[in-house]
Amino acid sequence: MIARPQRAAILRRAVRVTVAASVGFYPLLYGAGLPVAALYALFAAIAMGLLSVVPGSGPQRASVMLRALPPALLLATLGTLLAVDTWAAVGGMLVVGFLLAFVAVAGPRPVGIAPGLQLFYILACFPPYAPGTLLERLAGLTAGALLLAACEILLPDPAAPSYRERLAAALDEAARGAAPGGVPPRRLRDAGSTLRLSDVPPAERPAGAGRTDRALEQAGRSARRLLDQLATLAEAPPAPADPQTAALLGRVAELCTACARFLRTGSRPPPAGALEEAMRRFQADRVRLASGPPGERLPVDVLRRQSRVLALAESARMVEITVDIATHGGPTEPAAPRQVFWYAELSTPRLWARRVLGNVTFRSVLFQNAVRTALGLAAARAVAGSLDLAHGFWVLLAVLTLGRTTAGETWRAVRLAVAGNAAGALVAGALVIGLGRHTDVYAALLAPVMLAAFALGPLLGIAYAQALFTLVVATAFAQIAPVTWRLSEARMIDVVTGSVIGLLCGLLAWPAGARREVHRAMAGLLRSCAPLVPATAQALLAPPGGSRTAPEIRPGVHRLRLAEAAYAQFRAETPADGESDRADWHAVLIAAGHMLLGAQWLPRFGLRPASGATDASAAWARGTASGLVAETDRIARLLTAERPEPAPRTAPESAPDRDPPSPLSVDLEVWMTSLAQQLDRIESSLTPKPKPKPIPPPGADPPNTRPE
């Protein structure tokens with residue numbers, strides 16, 4: 001069932017596309033006598049307004065369409081020139097298809113307009129080879145695009161809250177959660193969920209490669225982590241009053257309020273470095289008390305609470321730095337640690353180069369989708385050109401619109417599309433036979449048929465959309481040149497041909513879509529991050545005066561990006577069965593983030609007493625770290641269907657250094673224990689639950705007791 005706001009948005013879009021297509025088509029055909037320009041104006045509005053799903057408000061979409069107009073003109077020109085030869089057009093289709101599909105690395109708006117740009121090359125690259133009509137084609141394309149942009153502004157969709165506004169509201173909630181009295185844990189977690197990119201409209205997602213978008217996305221993840229940590233702290237057993245902890249929480253609340261105000265107004269930024277200085281004083285006081293007389297030493301439950309508060313303060317500090325980068329376009333103060341904020345001082349071209357090169361791998365689902373799309377479109381152009389199919393561009397249009405990322409979903413779309421086209425072809429054939437060459441009737445029918453097709457098709461499904469679009473095609477082409485019922489036959493043949501090609505590409509190129517890749521990506525992510533645990537423990541356990549260097553986390557960050565892309569693609573697909581969706585992928589991402597963040601902040605703030613850690617603390621930390629690495633490897637083997645080792649023991653029954661307690665051992669204990677719990681949840685989601693034993697009926701003998 002489609003919600004009412006979504007139905008209203010679909011209807012507004014149908015009206016916009018119908019008005020733009022009609023205002024461009026009728027005057028160019030009947031007023032100026034330019035049939036080619038009229039056809040391109042019609043398809044320009046359909047390509048940019050219907051085939052392309054450009055996210056955002058009306059002005060945002062209009063801006064994207066206007067910026068896409070020069071590339072559209074270039075593609076139409078290229079297609080017109082390459083139509084001289086079938087194989088030249090096929091080569092161009094291969095390159096254009098890959099580039100426009102791979103543009104998904106740039107974010108939701110470029111990927112939204114890409115299918116429409118594909119259509120401009122597809123239309124122009126088919127015979128007849130007529131470079132003399134190039135100006136007419138470009139004029140019609142320009143008219144259709146400008147008219148649609150004007151309709152987007154005149155009949156816009158309501159604007160959605162920006163990501164900055166969402167982030168500011170979440171930080172206000174975090175400030176209330178850190179203040180005395182607090183906020184219910186569920187409310188804190190609900191506030192964090194508003195920052196999940198899957199719940200944010202595509203136009204508002206910070207998905208670009210520049211510093212601002214990267215910083216906003218990192219700020220959102222840090223704010224979500226902060227809200228979850230505040231919720232966990234509220235759920236923990238109460239501990240004795242601790243003035244130092246209350247003071248640090250007060251600092252966190254002040255910082256969240258200042259950052260929220262800064263995001264909304266851009267004025268009075270929070271004082272740089274104030275929270276970090278408070279964290280260092282807080283940790284120094286913990287170490288001093290732990291090294292002092294027995295009467296001053298804090299109990300273990302207080303130390304654990306302090307460790308949790310220090311961790312959430314680090315999340316707030318990351319929010320502070322990322323908000324500063326996002327607002328100013330770069331850091332006003334050095335962003336530390338540099339490994340986490342590696343993008344802060346890089347130029348925009350270098351950041352885009354990293355984004356593109358990082359996805360030029362067969363392990364990237366964006367690269368896989370681009371290769372699959374390019375091969376399918378090139379094969380369709382070769383078949384249509386070799387067989388000299390009439391209106392062969394419909395073959396490529398079928399590949400473009402019906403192709404899915406899994407073979408199963410492609411087959412489902414193809415079945416529905418063929419059925420819909422068959423029904424539409426029958427109705428269109430009857431219409432052409434009944435009306436003959438009465439172009440005035442076709443002219444009267446075109447606008448209402450377009451409105452019905454563009455409004456009802458998305459509401460009723462693929463079959464209805466294909467059937468109604470067949471009627472649109474028939475009523476439009478009947479006004480340009482005399483047609484017979486064979487137009488419907490040609491469209492039916494072309495759609496079936498394109499459907500078969502798309503289905504074969506789906507079967508031969510990554511038929512499972514992102515399902516298999518998400519397993520590999522998540523396993524690679526865990527294996528890349530697992531060594532950070534013993535490396536972090538070793539850095540903290542170094543003798544007093546020794547070097548303490550945070551482990552290198554950049555490979556893990558790169559793996560995290562690939563895993564997030566695979567997960568996003570997987571969530572966009574409909575699994576063939578529930579079995580593939582059993583794994584808790586979100587928990588895997590959280591666990592990886594837990595390892596990456598702990599590896600960078602614990603060495604920075606994990607101050608040691610002068611005597612260093614005790615032997616018991618060091619042995620516990622090393623043993624637990626080894627157990628966590630073994631457990632992580634076991635989960636990775638489960639994800640890749642390898643034979644796992646027996647389940648290891650990931651944590652001891654009791655923590656070390658209880659008498660006297662050590663802040664170092666408590667910080668490691670809290671971090672590693674939390675990680676062990678997350679890994680347990682992941683493994684339980686991967687292990688099928690045993691089926692319950694059947695309950696015998698009353699009076700029956702218990703199992704294994706029935707006499708032979």
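In this chain, residues are counted from 1 in sequence order.
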Over all heavy atoms of both residues, which pair between [X] and [Y] is shortest? Give the atoms and the distance, please.
X      : Y      : value
Ala14  : Ala455 : CB-N, 3.6 Å
Gly358 : His558 : O-CE1, 3.6 Å
Leu42  : Ala476 : CD2-CB, 3.8 Å
Ala83  : Cys125 : CB-O, 3.5 Å
Pro458 : Ala453 : CD-O, 3.9 Å
Val19  : Cys151 : CG1-SG, 3.8 Å

State, with a plain yes or no, whether a side-chain heavy atom of [X] is found less than 4.5 Å away from one of [Y].
X      : Y      : answer
Ile462 : Leu402 : yes
Arg61  : Pro156 : no
Leu146 : Leu69  : yes
Leu387 : Val383 : yes

[atom1] of [X] to [atom2] of [Y]: how many Å apart, nearest 0.5 Å?
X      : Y      : atom1 : atom2 : answer
Met93  : Thr86  : CE    : OG1   : 14.0 Å
Leu377 : Tyr121 : CG    : OH    : 10.5 Å
Thr80  : Leu138 : OG1   : CG    : 7.0 Å
Leu141 : Phe120 : CG    : CZ    : 4.5 Å

Query - Salt-bridge present (Arg520, Glu517; N to O < 4.0 Å) - result: yes
Report summary line: With Leu50 as partner, the option from Met450, Arg16, Arg13 fulfilling side chain to side chain contact (heavy atoms under 4.5 Å, CB included) is Arg13
Query raised in the report: Aromatic ring centroids of Phe98 and Phe367 under 6.0 Å?
Result: yes
Query - Derivation of the side-chain contact (heavy atoms from CB on, under 4.5 Å) call for Arg205 and Asp213 - result: CA-CA 8 Å; Arg205 295 174 187 170; Asp213 274 9; over 6 Å; no
**Report entry** Derivation of the side-chain contact (heavy atoms from CB on, under 4.5 Å) call for Val414 and Val500
**Finding:** CA-CA 8 Å; Val414 163; Val500 172; over 6 Å; no
Report task. Apply the test side-chain contact (heavy atoms from CB on, under 4.5 Å) to residues Val418 and Met492: give CA-CA distance (whole Å), side-chain angles for both, the deciding distance (0.1 Å), then the verdict. Result -> CA-CA 8 Å; Val418 170; Met492 187 69 194; 3.8 Å; yes
Query raised in the report: Does Gly424 offer a backbone N or O that forms a donor-acceptor pair with the side chain of Thr470 under 3.5 Å?
Result: no
Query raised in the report: Step by step, would you call Arg354 with Tyr343 a side-chain contact (heavy atoms from CB on, under 4.5 Å)?
Result: CA-CA 10 Å; Arg354 282 177 179 267; Tyr343 61 88; over 6 Å; no
